Amino acid sequence: MRYWLMKSEPETFGIDDLYARPQQTEHWDGVRNYQARNMMRDEMKIGDQILFYHSNCDEPGIVGIAEVVRESYPDFTAFDPDDKHFDPKSNPDKPTWFMVDVKFVRKLSRTISLRELKTKSELSELALLRRGNRLSIMPVSVEQWAFILALE
DNA sequence: GCCAACGTTGGC
DNA sequence: GCCAACGTTGGC
């Protein structure tokens, strides 16, 4: 089993929105970055655990845990001209973009903020903290996973 | 709102 | 293939 961190803007889709979905499950659409796509398409497996990260908000940080419940399939929002994430280069016969389904596991008892994560030398290799990192999906090692959740 | 750090696009 | 222009992300 592997571990991941996935970013989402709480104003668009936060941890409470995931909780409120039917089956507490939602497809992770809208990823339009090849590196992030490759991780969803090739590496994320059912049962993988996810740190749910809130970005672009008052207190950016990790707010909950989710898990992969469906492995990669075409991101159909790319086919819809009316969708914000429409991409004319992608079509159902040869999709460019893929997504997985994720299910709510739990909220953390508190937000583990980016500010706090930055103070931990144990996390110096965490992709989230590397200079200039803007990936919306990134791998987390088992050691990093355990360290972060021990902060809760 | 600002801006650094990218990734993408497209002219050449 | 190079690289300038542009768009996006996301912290602050």
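Here is the naming used below: chain letters follow the sequence lines, and residue numbers restart at 1 for every chain. Not measured: the values here are computed from a predicted model.
- The minimum heavy-atom distance between A/M39 and A/I137, with the atom names listed, is CE-O, 2.9 Å.
- Of the residues in residues 108-121 of chain A, those lying under 4.0 Å from DNA chain C by heavy-atom distance are A/L114, A/K118.
- The two residues A/N33 and A/Q35 make their nearest non-hydrogen contact at OD1-N, 3.0 Å.
- With rounding to the nearest 0.5 angstrom, the CG atom of A/L51 is 4.5 Å from the CD1 atom of A/I62.
- Once you apply a 4.0 Å limit to the heavy atoms of chain A, the touched nucleotides of DNA chain B run 5' to 3' over B/dA5 to B/dT9.
- Listed by chain and number, the hydrophobic cluster partners of A/I46 come to none, as no ILVMFWY side chain reaches under 4.5 Å of it.
- In this structure, A/V102 is not a member of the same hydrophobic cluster as A/V69, with clusters built from ILVMFWY side-chain heavy atoms closer than 4.5 Å.
- Separation of the A/W97 and A/Y73 ring centroids does not fall under the 6.0 Å cut-off.
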Next item on the list: Start with the C-alpha gap between A/R32 and A/S90, add the side-chain angles, then the distance that decides, and say whether side-chain hydrogen bond (donor to acceptor under 3.5 Å, both in side chains) holds.
Entry: CA-CA 11 Å; A/R32 297 292 180 266; A/S90 188; over 6 Å; no
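- Nearest-nucleotide positions on DNA chain B place A/R134 closer to the 5' end than the other of A/R134 and A/R32.
- Relative orientation of the A/F13 and A/F52 rings is tilted, given thresholds of 30° and 60° on the angle between their planes.
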